[in-house]
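Presented below is the structure to which this report refers.
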Amino acid sequence: MTTEHPLRIATLSVHACPLAPLGSWETGGMNVYIREVSRQLSALGVEVDVFTRQQGEHVDMVVPLAEHARVIHVPAGPPRYLLKDRVVAHLPEFICNMRDFVQNDNPRYDIVHSHYWLSGRVAGYFKSAWQVPMVAMFHTLAELKNQVSASDDESESELRMGIERMTVATADRVIASTATDRSHLETYYQAERSRVTILPCGVDLDLFGPGDREAARRALGLQSERLILFVGRIQQLKGIDVLLRATSILAHRRDVPPFRVLIVGGRPSGERNDPETRELLRLQRLVTELDIERYVGWVGAVEQVGLPEYYRAADVTVVPSTYESFGLVALESMACGTPVVAAHVGGLLATIQEGENGFLIPDRDPEHYAHRIADLLEPSELRARFSLSARDRANQFGWKRVASQLLSLYEDLAIAQRRGERPAVVWQK
Ligand code: UDP
């Protein structure tokens, strides 16, 4: 694309900082997506500024993320972590402070790209203030979450749904990570198909790949016992209770080798009003009720660089979510050659191929999970085949590829804008 300056993107991620430690109540796949895509776009020569709410007292306002990418911490409300529903009250302040920063710093953005509903609200303002195209991505949708949420801590507000609708109506292009995601956007948010682009999420293939399995097992202190792994945020919609019930079934089966279940994730504050602490306590009570304490290890959150060791040591990774818009953990495990037993929901259908590189469980029956986990616990021809095919599959989802597809989308929108055209519509079957 011939331009007078490199393409410049204002990425809005109000509540998810790409530099935040992962694995807590609200830091997961979206933080990873923004971090990795910004790095890759920077490598392609694109200038990226990620605007996020300042969540600590002593953070620099501007922090480099890559050669051409920066994180801008925008003051809005108290400089500490707030649950996302409390962030909404500070959006006007966020907009004013972001506008002041941009006026002083004086970059001219070609595109504003929002992640999640909170950012959608802010992006709508800047789309019209700067007269630039807007791209929106939601990562999760309130309508879908509410269909499966089992607790008040996880149910989503009317306000969020309203802002999601407004964002869909305002954005020039909405990115869906899978065909299922797109059909949800059409069904529940009346998104026009011509303005929705399917662009999958990715996996860091330099970090996640096959490695020395025995060394990984030794590093985790495993002896001959098999390893069943869960990685993710400690939220009810991740379905950890189904895995615990499956563990109890496996514990009673005589044909199953000795095994251990490790649960990676969670940074609970320990305070009574912390939803993550409440969820963890609920799960730990279930472990006691099921009398499976000796099988289950609570690891807590692990920095992403430490995760390949867990995936490589594992015989199987279990992803029993009730809703998963994409599901990076499944892909990371597959990239390391460890097959996945997962719920037949959302984005997991786009990566795992039933009976070829993993198992997709159509219901929430722990018996079905136990049955498929047991199939993969011992070394076998099936496991070796799944492992190879899982790696091949994951190799198709590198972040580099995701970023170059995103760059094409940005370029189309920017070119149309410069020509004064409405952004070209795309048709995807
Ligand atoms: N993750 C991590 N450390 C942890 C738990 C999770 O680094 O202790 C990362 C994990 O590697 C993955 C992301 O958090 O990249 C979770 O993404 P996923 O799409 O599976 O779930 P989400 O958080 O988006 O619901």
Side-chain angles (χ1 to χ4, degrees), residues 13 15-37 39 84 115-117 137-142 144-145 148-149 153-154 156 175-178 180-181 199-209 220 229-240 243 262-268 275-276 279-280 297-312 314 317-336 338 340-343 345-352 358 394 397-399 402:
S13 179
H15 91 297
C17 176
L19 303 170
L22 299 169
S24 70
W25 182 256
E26 284 181 355
T27 56
M30 183 165 59
N31 305 62
V32 174
Y33 183 98
I34 294 165
R35 186 189 69 199
E36 293 304 320
V37 161
R39 283 181 180 157
K84 60 186 185 319
H115 294 270
Y116 209 56
W117 62 283
M137 188 165 175
F138 290 96
H139 299 269
T140 63
L141 291 165
L144 275 293
K145 267 189 92 176
V148 296
S149 84
D153 282 336
E154 290 177 22
E156 299 297 337
I175 295 178
S177 58
T178 63
T180 313
D181 195 16
L199 214 164
C201 299
V203 59
D204 181 348
L205 296 170
D206 294 328
L207 178 64
F208 296 105
L220 298 184
L229 181 67
F230 170 90
V231 176
R233 293 176 297 120
I234 306 294
Q235 287 216 354
Q236 210 157 335
L237 62 81
K238 291 289 174 183
I240 301 168
L243 170 59
L262 288 183
I263 299 188
V264 173
R267 298 177 187 270
E276 187 175 12
E279 177 59 8
L280 188 61
W298 302 92
V299 180
V302 171
E303 290 291 324
Q304 221 177 18
V305 288
L307 285 179
E309 199 158 76
Y310 284 86
Y311 292 126
R312 286 174 194 151
T317 299
V318 185
V319 184
S321 314
T322 50
Y323 169 56
E324 200 66 72
S325 62
F326 191 79
L328 296 184
V329 160
L331 210 47
E332 292 163 3
S333 176
M334 289 164 75
C336 293
T338 301
V340 180
V341 172
V345 297
L348 298 167
L349 279 61
T351 48
I352 300 163
F397 289 87
W399 286 116
V402 177

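Model, not experiment: these values are computed from the prediction. Indexing begins at 1, ligand by ligand and atom by atom, following the structure's order.
In this structure, the protein non-hydrogen atom closest to atom 14 (O) of ligand 1 is G28 CA, 3.8 Å. For atom 6 (C) of ligand 1, the closest non-hydrogen atom on the protein side is V231 CG1, 3.9 Å. Here the protein heavy atom with the shortest distance to atom 20 (O) of ligand 1 is V329 N, 3.1 Å. For atom 5 (C) of ligand 1, the closest non-hydrogen atom of the protein is G23 CA, 3.6 Å. Counting protein heavy atoms only, atom 16 (C) of ligand 1 is closest to G29 N, 3.5 Å. In this structure, the protein non-hydrogen atom closest to atom 4 (C) of ligand 1 is V302 O, 3.5 Å. The shortest contact between atom 18 (P) of ligand 1 and any protein heavy atom is with L328 N, 3.5 Å.
Salt bridge R233/E279: absent, no basic N to carboxylate O contact under 4.0 Å.
Shown here for G28 and L22, the closest heavy-atom pair between the two residues is O-CD2, 3.8 Å. Taking both residues in full, the closest heavy atoms of T178 and S325 are given as CG2-O, 4.2 Å, listed atom of the first, atom of the second, then distance. The nearest pair of heavy atoms linking L307 to E332 is CD1-OE1, 4.3 Å. The minimum heavy-atom distance linking C336 with P308 is given by the pair SG-CA, 4.3 Å. Looking at every heavy atom in both residues, L229 comes nearest to Y311 through CD2-CD2, 3.6 Å.
Polar contact check, G232 against ligand 1: no nitrogen or oxygen pair lies under 3.5 Å apart.
Between the side chain of R312 and the main chain of G209, a donor-acceptor pair closer than 3.5 Å is present. Remark: the backbone N or O of W25 is paired with a side-chain donor or acceptor of Q235 at under 3.5 angstrom. Side chain of D181 to backbone of S177: a donor-acceptor contact under 3.5 angstrom is found. No donor-acceptor pair closer than 3.5 Å links the side chain of T180 to the backbone N or O of G347. The main-chain N or O of L141 is found under 3.5 Å from a side-chain atom of Y323 such that the two form a donor-acceptor pair.
Within ligand 1, the atoms closer than 4.0 Å to a non-hydrogen atom of R233 are 22 (P), 23 (O), 25 (O), numbered from 1 in the order shown. Close contacts of ligand 1 with V32, meaning ligand atoms under 4.0 Å from a residue heavy atom, involve 15 (O). Atom numbering of ligand 1 starts at 1 in the shown order; those under 4.0 Å from a heavy atom of A301 are 8 (O). Of all atoms in ligand 1, listed by their number and element, those nearer than 4.0 Å to a heavy atom of V264 are 8 (O). Heavy-atom proximity to G265, at under 4.0 Å, picks out these atoms of ligand 1: 8 (O). For ligand 1 and K238, the ligand atoms under 4.0 Å from any heavy atom of the residue are 21 (O), 22 (P), 25 (O).
Using cut-offs of 30° and 60° for the angle between ring planes, the H115 and Y33 rings count as tilted.
The side chain of E332, and not its backbone, has at least one atom closer than 4.0 Å to an atom of ligand 1 (non-hydrogen atoms only; side chain from C-beta on). Counting heavy atoms under 4.0 Å from ligand 1, residue Q304 touches it through both backbone and side chain. Contacts with ligand 1 closer than 4.0 Å are made by side-chain heavy atoms of L307 only, the backbone lying farther away.
Not close to ligand 1: Q235, with no non-hydrogen atom less than 4.0 angstrom away. Residue contacts with ligand 1 include E324, since one of its heavy atoms falls under 4.0 Å from the ligand.
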